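Here is the naming used below: chain letters follow the sequence lines, and residue numbers restart at 1 for every chain. Bear in mind that the values here come from a model prediction, so they are computed numbers and not experimental data.
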2 protein chains.
Amino acid sequence: MNLQITKPRRGRPPKVSRENQDTKAELIRSGLEQLTESGFASSGIDQILKKVKVPKGSFYHYFASKEAFGQAVIENYANYFANKLDVCLLDESYPPLTRISNFVEGAKIGMIRHQFKRGCLVGNLGQEVDLLPESFRQQLIDIFHCWEHRLANCLKAAQLQGDISKKANCEQLAECFWIGWEGAVSRAKLVQDTKPLENYFNHFIAALPR
Amino acid sequence: MNLQITKPRRGRPPKVSRENQDTKAELIRSGLEQLTESGFASSGIDQILKKVKVPKGSFYHYFASKEAFGQAVIENYANYFANKLDVCLLDESYPPLTRISNFVEGAKIGMIRHQFKRGCLVGNLGQEVDLLPESFRQQLIDIFHCWEHRLANCLKAAQLQGDISKKANCEQLAECFWIGWEGAVSRAKLVQDTKPLENYFNHFIAALPR
DNA sequence: TACATAATAGACTGATCGTCTAGTTAATTG
DNA sequence: CAATTAACTAGACGATCAGTCTATTATGTA
């Protein structure tokens with residue numbers, strides 16, 4: 001599995017050895033951590049670089065600006081999250097509503113693992129969108145639509161199995177779920193407890209039309 | 001203990017009577033605008049001062065630090081908001097559930113008036129609480145409790161009138177409302193539309209146990 | 001071998017940040 | 001009046017911000 005025998009790097013070698021050969025991916029990964037904890041405006045490039053011991057010159061070799069970097073980080077997170085959603089919501093070994101519950105359980109575990117310091121990148125940036133380059137707005141809106149679509153499909157599956165009413169508007173329910181979910185994540189961060197996620201989810205499930 | 005009478009103070013008298021409320025109150029008002037739009041970390045003192053044309057040197061005469069200033073702004077907002085809630089939720093000329101709807105309508109109008117640039121101060125600061133002085137956390141949690149309490153009372157009134165089930169847990173419902181509400185405000189800011197507030201509220205009302 | 005290019009390296013710029021101190025202005029008293 | 005003291009302010013301070021610049025060292029290609 002470990003084919004590190006890839007081509008030798010071109011260019012000047014790093015002074016300190018890095019774990020990853022792919023500096024750009026390392027920067028995005030580090031940026032994802034930082035932005036998920038601190039948002040965009042409050043995250044300094046220097047700090048992101050420091051964590052992976054990459055000099056500043058390299059940053060502007062790989063990214064045209066902080067804005068371009070931010071977009072790359074968002075895109076990376078969107079892909080990661082969409083995949084996570086698919087893993088949960090398309091898992092046919094569970095009934096549809098249980099799959100949603102599985103997603104919530106995963107989120108709870110994740111927040112505990114990061115000691116409630118990391119929320120949702122999309123929610124964080126959505127909050128500060130007015131301070132950000134305008135290009136971020138549509139990017140974030142599109143991501144929410146993507147999530148809504150995936151959740152709506154899962155709800156429709158529940159509908160087919162008769163777990164929720166045939167008359168339910170699954171798209172609208174999915175939209176409502178994510179709207180409130182961001183509030184729940186934010187609150188969980190604030191009180192440093194998973195209860196808000198739990199309460200919110202239970203309320204959502206109980207409110208589904210049967 | 002009380003021997004301050006024996007020695008009459010010389011020099012320019014302190015403005016104990018006025019405490020120069022003008023300048024200080026102006027700073028808090030300007031800070032409220034700024035922090036509601038940009039959060040705490042991204043709000044510069046200079047900009048807040050500039051808007052009310054108070055020189056920079058004066059800031060640290062009125063406030064010990066940016067942290068202390070932030071706390072004053074939060075307190076101010078909490079009072080303002082609690083009062084707004086009381087005006088809506090205690091208005092007995094409407095049935096209880098309609099009072100909640102009135103609050104939501106007011107929020108929608110407010111967001112339109114500020115062109116979706118201002119969200120909820122408590123929600124904003126809750127999002128970035130890990131970057132803030134630790135004292136902010138409990139302050140924000142307490143404010144949410146205050147809101148929960150007020151909303152729970154209104155829901156109980158609805159219960160008495162038979163609008164919702166006697167078995168409903170009003171405290172928990174109220175908690176859920178505010179958890180999701182912050183997400184709805186954030187989303188409304190993002191998409192620059194009141195629909196998220198509307199959808200969220202409709203879903204909440206429809207989900208109440210009857 | 002020669003040259004172009006990829007990548008690292010980090011000092012540097014100018015702006016802005018929160019904070020602080022040394023000062024000025026004004027009111028009161030001896 | 002002059003001394004005293006509080007109210008208030010101007011501007012300096014070091015830190016840090018995003019971003020630029022030049023130099024250096026490696027590989028790829030001709």
Measure the distance from [atom1] on [X] to [atom2] on [N] and round it to the nearest whole Å.
| X | N | atom1 | atom2 | result |
| --- | --- | --- | --- | --- |
| L27(B) | dC8(D) | CG | C1' | 12 Å |
| K24(B) | dC8(D) | NZ | C1' | 14 Å |
| F69(A) | dC17(D) | CZ | C1' | 15 Å |
| L49(A) | dC17(D) | CG | C1' | 13 Å |

| said: Over all strands shown, is S43(A) touching base, sugar-phosphate only, or nothing at heavy-atom distances under 4.0 angstrom? | reply: sugar-phosphate
| task | With sequence neighbours excluded, tell me which residues meet side-chain contact (heavy atoms from CB on, under 4.5 Å) with N79(B). | result | E75(B)
| query | What residues, two or more places apart in sequence or in another chain, satisfy side-chain contact (heavy atoms from CB on, under 4.5 Å) together with E37(A)? | reply | K117(A), R118(A)
| request: Under the salt bridge (charged side-chain N to carboxylate O under 4.0 Å, His left out) rule, collect the residues that match up with K156(A), sequence neighbours excluded. | output: E171(A)
| task | Applying salt bridge (charged side-chain N to carboxylate O under 4.0 Å, His left out), name anything that partners K195(B), two or more places apart in sequence or on another chain. | result | D193(B)
| Near DNA chain C, which residues from residues 124-139 of chain B have a heavy atom under 4.0 Å away? | none
| Pick the nucleotide of DNA chain D nearest each of G44(A) and H61(B); which residue has the one closer to the 5' end? | H61(B)
Would you list the protein and nucleotides 19-23 of chain C atom pairs, both N or O, that sit under 3.5 Å from each other?
| residue | atom | partner | partner atom | Å |
| --- | --- | --- | --- | --- |
| dT19(C) | OP2 | Y60(B) | OH | 2.3 |
| dT19(C) | OP2 | K66(B) | N | 2.9 |
| dT19(C) | O5' | Y60(B) | OH | 3.1 |

| field | side-chain N/O S58(A) vs dA7(C) OP1/OP2, d < 4.0 Å | value | no
| request: Please identify each residue that fulfils side-chain hydrogen bond (donor to acceptor under 3.5 Å, both in side chains) with Q192(B), with sequence neighbours left out. | output: none
| field | Pair listing, salt bridge (Lys or Arg N to Asp or Glu O under 4.0 Å) test, anchored in residues 77-93 of chain B, at least two apart | value | D86(B)-R150(B)
| Under the ring-ring contact (aromatic ring centres under 6.0 Å, His included) test, residues paired with Y200(B) that sit two or more places apart | F177(B)
| query | Under a 4.0 Å N-O cut-off, is there an ion pair linking K108(A) with E198(A)? | reply | yes
